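Okay, structure first, notes after.
What you see is a predicted model; the values in this text were computed from it and never measured. Side-chain atoms are counted along with the backbone in the values below, which use heavy atoms only and exclude waters and symmetry mates.
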Amino acid sequence: MTHETYTNPVLNADWSDPDVIRVGDDFYLTASSFGRVPGLPLLHSRDLVNWTLVGHALQRLQPAAEFTTPRHDCGVWAPALRYHDERFWIFWGDPDQGIFQVNAPEIRGPWTQPHLLKEGKGLIDPCPLWDDDHDEAYLVHAWAKSRAGIKNRLTGHRMHPDGTTLLDDGKVIVDADRIPGWFTLEGPKLHLHDGWFWILAPAGGVETGWQGAFRSRGFFGPYEEKVVLEQGDTDVNGPHQGAWVNTPSGEDWFLHFQQRGAYGRLVHLQPMRWDDDGWPVIGDAGAPVAVHRKPDLPPQPTAAPATDDDFPGGRYGRQWQWTANPQDGWATHHSGDGLRLTCVRTADTDDLRRLPNLLTQRLPAEPVAVEVELRLHSQELGARAGLAVLGDAYSWIGLQRGADGTVMFVHRFAEPVADRERDASEPCPAPSGRVRLRIEIGTDARCRFFYDVGDGPRPSGQVFAATPWRWVGALLGLFALAPVGTGHAGAAGFARFRISFLH
């Protein structure tokens, strides 16, 4: 009998710092969303291989005033997803504010408003644990040196079982400065198994690190440690930080990320077992697998988080996120298909990285072509709209109404150190005010740009190598804007957004 196989990564885009649970026959995943809104994405699977995006648990970042402008690397860091007392729970750290918690009776909500469980700078990567046999609850978290001045240690608390308060001042339960060769210990996930408290936590940094396992008979320690997953001779750099889950038939699996430059953190699925000494063995004897037998679960149709969008009724799909808390009126609902974005007035027309009104989605980590149809409705001089590849550097193609009132196709870019964009090619007339935009993204996220104003597709500009933000993979973005002025500046229409694979 042959068993069907899967190939890693199972999520080939930036689903950073994944955590996964099983509830009955269903698996659910959440991930870091940093400064994008809505946050805390919620994915669903029945086989750990095929995933769909079913919603978000956080509709606005709090406090709202802090996220009216982009803070790409702030916000929601490394959430932990759990199911307890017939509710879903998510805990996360905002490195500038503290540890938050939301919960809901169903994965699709309604989710509670964020509750600040522990206030402070540099509190990151929290994870709760309920020990129902002893009516105890615990919380562990890591530290961000950039805010707290310390890192490489894990702090543990007793927690009230209702998840609203901590019952002590906390104690360092793992100090990795005392473990030779260990650095940047973070991302702990807390479990009870076989009479032990387990902390599965990565160390060594996102690009080159490893996955550690810690165990103790008591929550506050002492803990013994072991490296249970590392790159070895594979091409999967820094395989770590993720989730242990089991299937109804008793199989164990581990999902983790791999840092891939502009693509962000991709999610891999590894087999897991327990050795004779009671330690987890992940992958192939502690090294990542590229291809493996699928989990012992009912076969499922091929699925992946949605990318394409026809924007029915002017509404965008759940794969899209704003780069800050949105304002009413940025996207207008209407009776037909197509996205209608208001040309938001801004003083930052020369730097897309500063704009909150960018509608973004993740950059796929394989060769693809991205296409969208654009029409500029605005009569405002200087109004513009387009399709962008965004990161510390960015490049965009689209339409702009020039000083003489004509609509031009434009292609602009900005380097990481630049505070304003410049032309990547000579503007050319778009007499109908319409254009078909296309970006072909090849290996190493190298982007080639094309446009069609009605006389056939033409290339534009030089190859652009997409770059990540600091912790976030590059993004695809749609936008419409206008210079500072008075009155409504009109809108731009987008239609038939498509991402297709290049072979």
Side-chain angles (χ1 to χ4, degrees), residues 1-32 41-55 79 81 83 88 107-108 189 200 211 228-229 234-260 263-273 280-308 318-319 361-368 473 499-501 503:
M1 179 180 177
T2 59
H3 293 279
E4 193 175 352
T5 61
Y6 70 91
T7 301
N8 276 316
V10 293
L11 283 168
N12 207 12
D14 186 27
W15 302 93
S16 179
D17 313 319
D19 198 20
V20 182
I21 59 170
R22 177 175 65 86
V23 180
D25 294 326
D26 298 285
F27 297 92
Y28 299 102
L29 180 151
T30 192
S32 297
L42 303 167
L43 282 71
H44 171 251
S45 177
R46 284 288 184 93
D47 64 359
L48 293 170
V49 173
N50 295 283
W51 294 88
T52 56
L53 178 63
V54 297
L81 174 63
Y83 187 75
F88 292 88
I107 195 68
R108 291 172 174 82
K189 295 294 182 281
L200 302 180
Q211 179 68 31
V228 294
L229 180 69
T234 74
D235 60 0
V236 181
N237 59 295
H240 69 259
Q241 189 156 337
W244 163 42
V245 290
N246 55 27
T247 66
S249 65
E251 291 183 344
D252 295 293
W253 295 86
F254 186 78
L255 295 102
H256 65 88
F257 75 71
Q258 174 196 13
Q259 173 72 32
R260 283 280 310 279
Y263 300 121
R265 301 175 185 181
L266 317 182
V267 179
H268 291 236
L269 175 66
Q270 303 294 338
M272 176 173 152
R273 60 182 177 84
V281 179
I282 300 175
D284 181 6
V289 301
V291 179
H292 195 271
R293 173 188 58 80
K294 282 186 175 181
D296 180 22
L297 293 163
Q300 301 296 318
T302 300
T307 56
D308 295 354
R318 56 176 64 99
Q319 66 267 36
Q361 65 168 279
R362 293 160 179 81
L363 184 74
E366 51 198 314
V368 295
I499 295 180
S500 55
F501 296 112
H503 299 291

Looking only at heavy atoms, the pair that brings Tyr6 and Pro271 closest together is OH-CD, 4.0 Å
If I compare all heavy atoms of Pro18 with all of Val267, which pair ends up nearest, and what's the gap? CG-CG2, 4.0 Å
Check whether any side-chain N or O of Asn8 sits under 3.5 Å from a backbone N or O of Leu269 as a donor-acceptor pair, and report yes or no. yes
Would you call the rings of Phe88 and Tyr28 parallel, tilted or perpendicular if under 30° counts as parallel and over 60° as perpendicular? perpendicular
Might you work through the side-chain contact (heavy atoms from CB on, under 4.5 Å) test for Phe254 and Leu200, ending with a clear yes or no? CA-CA 10 Å; Phe254 186 78; Leu200 302 180; 4.3 Å; yes
With heavy-atom distances below 4.5 Å as the criterion, would you say the side chains of Val49 and Gln300 are in contact? no
Rounded distance [0.5 Å steps], NE2 in His44 versus CG in Leu53: 12.5 Å
Testing the basics here: between Leu255 and Val20, what is the closest heavy-atom pair and its distance to 0.1 Å? CD1-CG2, 3.9 Å
Between Leu29 and Leu11, is there a side-chain heavy-atom distance shorter than 4.5 Å? yes
Derivation and outcome, side-chain contact (heavy atoms from CB on, under 4.5 Å), residues Val54 and Arg108: CA-CA 7 Å; Val54 297; Arg108 291 172 174 82; 3.4 Å; yes
State, yes or no, whether a side-chain contact exists between Arg22 and Trp253 at a heavy-atom distance under 4.5 Å. no
Does a side-chain heavy-atom distance below 4.5 Å link Gln270 with Pro288? yes
So, taking the atom named CD1 in Ile21 and the one named OH in Tyr83, what distance separates them when rounded to the nearest 0.5 Å? 8.5 Å
Apply the test side-chain contact (heavy atoms from CB on, under 4.5 Å) to residues Trp15 and Phe257: give CA-CA distance (whole Å), side-chain angles for both, the deciding distance (0.1 Å), then the verdict. CA-CA 8 Å; Trp15 302 93; Phe257 75 71; over 6 Å; no
Does Ser45 form a side-chain hydrogen bond (donor to acceptor under 3.5 Å, both in side chains) with Asp47? I'd like the steps, not just the answer. CA-CA 6 Å; Ser45 177; Asp47 64 359; 3.1 Å; yes
Nearest 0.5 Å, please: how far is CG in Asp284 from CG in Leu229? 11.0 Å
When rounded to the nearest 0.5 Å, the distance separating CG of Asp296 from CG of Leu48 is 11.5 Å
When rounded to the nearest 0.5 angstrom, what distance separates OG1 in Thr30 from CG in Asp19? 8.0 Å
If every non-hydrogen atom of Leu297 is compared with every non-hydrogen atom of Pro248, which pair is closest and at what distance? CD2-CD, 3.8 Å
Quick check against the 3.5 Å criterion: does Gln319 have a side-chain atom that pairs as donor or acceptor with the backbone of Thr307? yes
Counting distance only, does the side-chain N/O of Arg362 pair as donor-acceptor with the main-chain N or O of Asp14 below 3.5 Å? yes
Specify the closest pair of heavy atoms between Pro305 and Leu43, including all atoms of both residues, with the distance to one decimal. CG-CD2, 4.0 Å
Testing Gln259, Gln258, Arg260 one by one against Asn237 for a side-chain hydrogen bond (donor to acceptor under 3.5 Å, both in side chains), which residue passes? Gln258
If you apply the rule side-chain hydrogen bond (donor to acceptor under 3.5 Å, both in side chains), what do you find for Asn12 with Glu366, and how did you get there? CA-CA 8 Å; Asn12 207 12; Glu366 51 198 314; 3.3 Å; yes
From Lys294, Arg293, Arg273, residue fulfilling salt bridge (charged side-chain N to carboxylate O under 4.0 Å, His left out) relative to Glu251: Arg293
Any carboxylate oxygen within less than 4.0 angstrom of a Lys/Arg side-chain nitrogen, looking at Arg46 and Asp25? no
Do you know the tightest heavy-atom contact between Ala303 and Asn50? N-OD1, 2.9 Å
For residues His256 and His240, establish whether the separation of their ring centroids is below 6.0 Å. no
